[in-house]
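Quick notes on the structure that follows.
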Amino acid sequence: MRSNGCGNLRKKHIDSFVQLCGWVDRCRDHGGVIFIDLRDRSGTIQLTVDPDQGPELFAIAENLRNETVLQANGSVKSRPADAINEKLNTGEIEIQVKELIILNKVKGNLPFSVSIHNEEPIKEELRLRHRYLDLRRERMQQNLLLRHNTIKTARAFLEEEGFLEIETPVLTRSTPEGARDYVVPSRVCGGDWFALPQSPQLFKQLLMVGGLERYYQIARCFRDEDLRSDRQPEFTQLDLEISFTSQDEILGLNERLIAAIWQKVKGVNLNLPFKKMTWKEAMDRYGTDRPDTRYGMELIQVNEIFKTSGFKVFSNAISTGGSVKCITVKNGNKSISNVRIKPGGDVFSEAQKGGAGGLAFIRVRENKEIDTIGAIKDNLDPQAKETLLEITGAKTGDLILFGAGETTIVNKSLDRVRQFLAKELSLIPQEQENSQWNFLWVTDFPMFQFNKDENRLEALHHPFCAPNPKDLGNEEEKWNDRLPKARAQAYDLVLNGLELGGGSIRIHNPDLQKQVLKTIGLSSEVVQEQFGFLIDALEMGAPPHGGLAFGLDRIVMLLSSEESIRDTIAFPKNQNARCPMTQAPGNVSTKQLEELHVASTWVDPE
RNA sequence: GGGACCGUAGUUCAACUGGUUAGAGCACCGCCCUGUCACGGCGGAAGUUGCGGGUUCGAACCCCGUCGGUCCCGCCA
């Protein structure tokens, strides 16, 4: 049916007869000669239809509309010297058309224009409702090509490293920890339910117990939680697991994997090894476990200066176990007005979104004079002021912003403010090819964090991460005390403040695994019921193993400079987890429900 | 569950901040045009201003509710 791709033709094809198929991108009808831009996945080329080629052909050309599916047969010709289009890869040539065959017509108005030449912003709802049209556009084609190349490179790399690609079940069982499950009723096993996997975590560990040694998968994962621009109910992980390995080996291998992807897809040579930072250091200096270290404005703890201060907001925060931390905004006096850091201001509300009740500030004026609210100024003696200016490095013209209260909230709100101001003040370096890809391993996460609502410990990553032996020791009788405070052999890969992936060395000792599950409050009955198969497996010769999973959608989002992972997925869901094209999820018949032994309690709110 | 913003022709936007007939570009339809490439020219059709209620002499604009969407918090790695 076709001999070439439209976008692949060049001067070397001149005088050859070609058969092209594609979509009408646009027409220019001059009354005599008619130009048609024909587009397929490879690109666009100009077709030229002359009246002297016959009235039938001309009549077809005259009545074409955009997005008509067209076959064009004709000869490749060079364009007249003054008609060369340098903006087009195929701009030196054109097709002298001998025959046009309409393969399919377009009925009615198109909801939006596909042609890149009419790139008005289109409401995303509309793009998703007619995703097949949206996918025809260059931007989505580029993104999906980039996604394909990313996966292809990962497969080739892992193949070379001795990995096997193995599929794991999509219908599996619900587990207590983590996100809400998508649940599927079983017709055959009445009253029982499958859950869709939140990740292949346990299966990949069991593959290691099964002696497969090196596994990977492009794995679809499901989480029934509320959506964000970087979160979909079904998303894809590049998931891998290795037996007989160490943390360093896993980090090294994954750095090389990432470097291979960036090399192939972006042509960028990353510097290896990536930088490393412990979780504690990240929290102290940046207030987040995924810091953007491309710029400074670090958080500085100033508890010592304010613990005896008469400014109660600060001293109370410290005496109740919290912190006072600050960031120094260079030349902030000029760039950030008081209106913006007081209630109602954009900087203030950014701190508020992080949970802060307020945003205290000090402006440094000439001769180390400070300008702030009276309650702070009156309670800051000269020595304390001197120390503050010294450890913050604040100079004339600088603005110091404070967070005070519970340490987690201080960290969270100052992290937000820091990121917000970095964008506002353009502190993020854009220019150098390599510095815009700031990779960072964050290591030594705690095993657990305290969940206030449920009044219990919960696993920070998941409850299969192995604790650091240095923190745990060998004597089992001390596990009870030591485990809750232990660091995990867990690590995240962070790029420019976004988490790309994470993993850990896993527990392969069944007693330790039981102890960890007990620590997060699971009774031995629940452990037996929900994780019995894992404990059994660990008792039957489980090798030491560990692994990692990357968020593939997010990687592609960064590589394609998109702001939403929806633009990296062919058919994504909207923010209500609905597919605007198919309208899924939808009704099922009463008969289907009966077969599944399920009755709906849903009542339409009237 | 909560907060913010948005919804006007097929589409992207406008409409003096409450004023009478809701405009424009692209797309669409018709006519003209032989070297354009965001082709050009002339003409035309196209609207329940998301929906429901209220305030008002008068509502796209103000108020309440509702539906849909985006971003964020909670939630989620």
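Just so it is clear: chains get the letters A, B, ... in the order the sequence lines come, proteins before strands, and each one is counted from 1.
Residue pairs meeting the salt bridge (charged side-chain N to carboxylate O under 4.0 Å, His left out) criterion with at least one member in residues 65-79 of chain A, sequence neighbours excluded: A:D15-A:K77, A:R39-A:E67, A:E67-A:R136. Sorted by first then second residue, the ring-ring contact (aromatic ring centres under 6.0 Å, His included) pairs that include residues 550-583 of chain A, not counting sequence neighbours, number zero. Counting only residues at least two apart or in different chains, salt bridge (charged side-chain N to carboxylate O under 4.0 Å, His left out) contacts with residues 43-56 of chain A are absent.
In this structure, B:A77 makes no Watson-Crick or G-U wobble pair, since no nucleotide meets both defining distances under 3.5 angstrom. Using N1 to N3 plus N6-O4 or O6-N4 for Watson-Crick, or N1-O2 and O6-N3 for G-U wobble, each under 3.5 Å, B:C28 pairs with B:G44. The nucleotide B:A4 finds its pairing partner in B:U70, both defining distances of the Watson-Crick or G-U wobble pair being shorter than 3.5 Å.
Across B:C29, B:C37, B:G35, the shortest atom-to-atom separation from the side chain of A:D37 is found for B:C37. Distance from the side chain of A:F35 is smallest to B:G35 among B:G35, B:U12, B:A77. Across B:U12, B:A77, B:G35, the shortest atom-to-atom separation from the side chain of A:L460 is found for B:A77. For A:R231, the side-chain atoms get nearest to B:C76 when compared with the rest of B:C72, B:U36, B:C76. Closest to the A:H461 side chain, of the nucleotides B:G35, B:U12, B:A77, is B:A77.
Using cut-offs of 30° and 60° for the angle between ring planes, the A:H462 and A:F464 rings count as tilted. Taking the six-membered ring where the residue is Trp, A:W441 and A:F274 present tilted rings, their angle falling between 30° and 60°. Taking the six-membered ring for Trp and thresholds of 30 and 60 degrees, A:H30 and A:F35 have ring planes more than 60 degrees apart, a perpendicular arrangement.
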Each nucleotide N or O in nucleotides 1-8 of chain B that has a protein N or O under 3.5 Å away: list the pair and distance.
{"from": "B:G1", "atom 1": "O6", "to": "A:D226", "atom 2": "OD2", "distance (Å)": "3.3"}

Under 3.5 Å between N/O atoms: give me all the protein pairs with nucleotides 43-45 of chain B, atom names plus distance.
none

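Using a 4.0 Å cut-off, some side-chain N or O of A:R228 falls inside it from OP1 or OP2 of B:C73. Dashed line: the shortest gap from a side-chain N or O of A:R554 to OP1 or OP2 of B:A77 is not under 4.0 Å. Applying the 4.0 Å criterion to OP1 and OP2 of B:C73, one finds that A:K412 has every side-chain N and O outside that range. Residue A:S229 has a polar side-chain atom (N or O) positioned under 4.0 Å from OP1 or OP2 of B:C72.
Using a cutoff of 4.0 Å between basic side-chain nitrogens and carboxylate oxygens, A:R180 and A:E225 are scored as salt-bridged. Ion pairing between a basic and an acidic side chain is recognised when a charged N comes within 4.0 Å of a carboxylate O; A:R418 and A:E350 show no such pairing. Look at A:D553 and A:R566 and you find no salt bridge, because none of the NZ, NE, NH1 or NH2 atoms lies under 4.0 Å from a carboxylate O.
Against the 90° criterion about 0, the sugar-base torsion of B:U11 places it in the anti range.
Judged by distance alone, with hydrogens and angles left aside, the side-chain atoms of A:Q198 form a donor-acceptor pair with the main-chain N or O of A:A179 at under 3.5 Å. Between the side chain of A:N496 and the backbone N or O of A:N438 there is at least one donor-acceptor pair closer than 3.5 Å.
Atom CG in A:D29 sits about 12 Å away from atom P in B:G30, given to the nearest Å. B:A38 atom C1' lies 11 Å from atom CG of A:N85, rounded to whole Å. One atom, NE2 of A:H30, and another, C1' of B:C31, lie 17 Å apart when rounded to the nearest Å. Rounding to whole angstrom units, CZ of residue A:F420 and C1' of B:C71 are separated by 14 Å. Remark: P of B:C72 and CD of A:Q419 are 12 Å apart, rounded to the nearest angstrom. If you measure from atom CG of A:L227 to atom C1' of B:C73, you get 15 Å, rounded to the nearest angstrom. Put simply, CG on A:D25 is 12 Å from P on B:A27, counting in whole angstrom units. The nearest whole Å value for the distance from the CZ atom in A:R28 to the C1' atom in B:C32 is 19 Å.
In the model, A:Q71 has a side-chain atom that pairs as donor or acceptor with a side-chain atom of A:N73 under 3.5 Å. Judged by distance alone, the side chains of A:T568 and A:N143 never bring a donor and an acceptor atom under 3.5 Å apart. Residues A:T44 and A:D25 have side chains that never bring a donor and an acceptor to within less than 3.5 angstrom of each other.
A:E94 comes within contact range of at least one nucleobase, with a heavy-atom separation under 4.0 Å. At a threshold of 4.0 angstrom between heavy atoms, the contacts of A:D289 include nucleobase atoms, whether or not backbone atoms are also involved. Within the nucleic acid shown, A:A83 comes within 4.0 Å of at least one base atom, counting heavy atoms only. Looking at heavy-atom distances under 4.0 Å, A:R416 makes contact with sugar-phosphate atoms alone, never a base. A:P580 comes within 4.0 angstrom of no nucleic acid atom, judged by non-hydrogen atoms across all strands.
Distance check on atom C1': B:G40 versus B:C33 gives 8 Å, rounded to whole Å. Taking atom C1' on both nucleotides, B:G54 is separated from B:U12 by 32 Å, rounded to a whole Å. Spacing of C1' atoms, B:U8 relative to B:A38, comes out at 26 Å, to the nearest Å.
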side-chain hydrogen bond (donor to acceptor under 3.5 Å, both in side chains) between A:Q217 and A:D239, intermediate numbers included: CA-CA 5 Å; A:Q217 183 180 194; A:D239 189 46; 4.9 Å; no

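Of the inter-residue distances, the one linking A:D134 atom CG with A:Q141 atom CD reads 10.0 Å to the nearest 0.5 angstrom. Taking CG from A:L64 and CD1 from A:I36, the interatomic distance works out to 5.0 Å, rounded to the nearest 0.5 Å.
Of the residues in residues 105-114 of chain A, those lying under 4.0 Å from RNA chain B by heavy-atom distance are A:N109, A:L110, A:P111. Near-neighbour residues of RNA chain B inside residues 125-139 of chain A, defined by a heavy atom below 4.0 Å, number-ordered: A:E125, A:L126. Within residues 556-576 of chain A, the residues having any heavy atom closer than 4.0 Å to RNA chain B are, in order of number, A:R566, A:N574, A:Q575, A:N576. Within residues 72-82 of chain A, the residues having any heavy atom closer than 4.0 Å to RNA chain B are, in order of number, A:R79, A:P80.
For A:R139, the side chain to side chain donor-acceptor pair (under 3.5 Å) criterion is met by A:E562, A:D567, not counting sequence neighbours. Legend: residues meeting salt bridge (charged side-chain N to carboxylate O under 4.0 Å, His left out) with A:D29, ordered by chain and number and at least two apart, are absent. For A:E138, the salt bridge (charged side-chain N to carboxylate O under 4.0 Å, His left out) test picks out no residue, with sequence neighbours left out.
When A:L20, A:L47, A:N104 are each tested for a side-chain contact (heavy atoms from CB on, under 4.5 Å) with A:L70, only one passes: A:L47.
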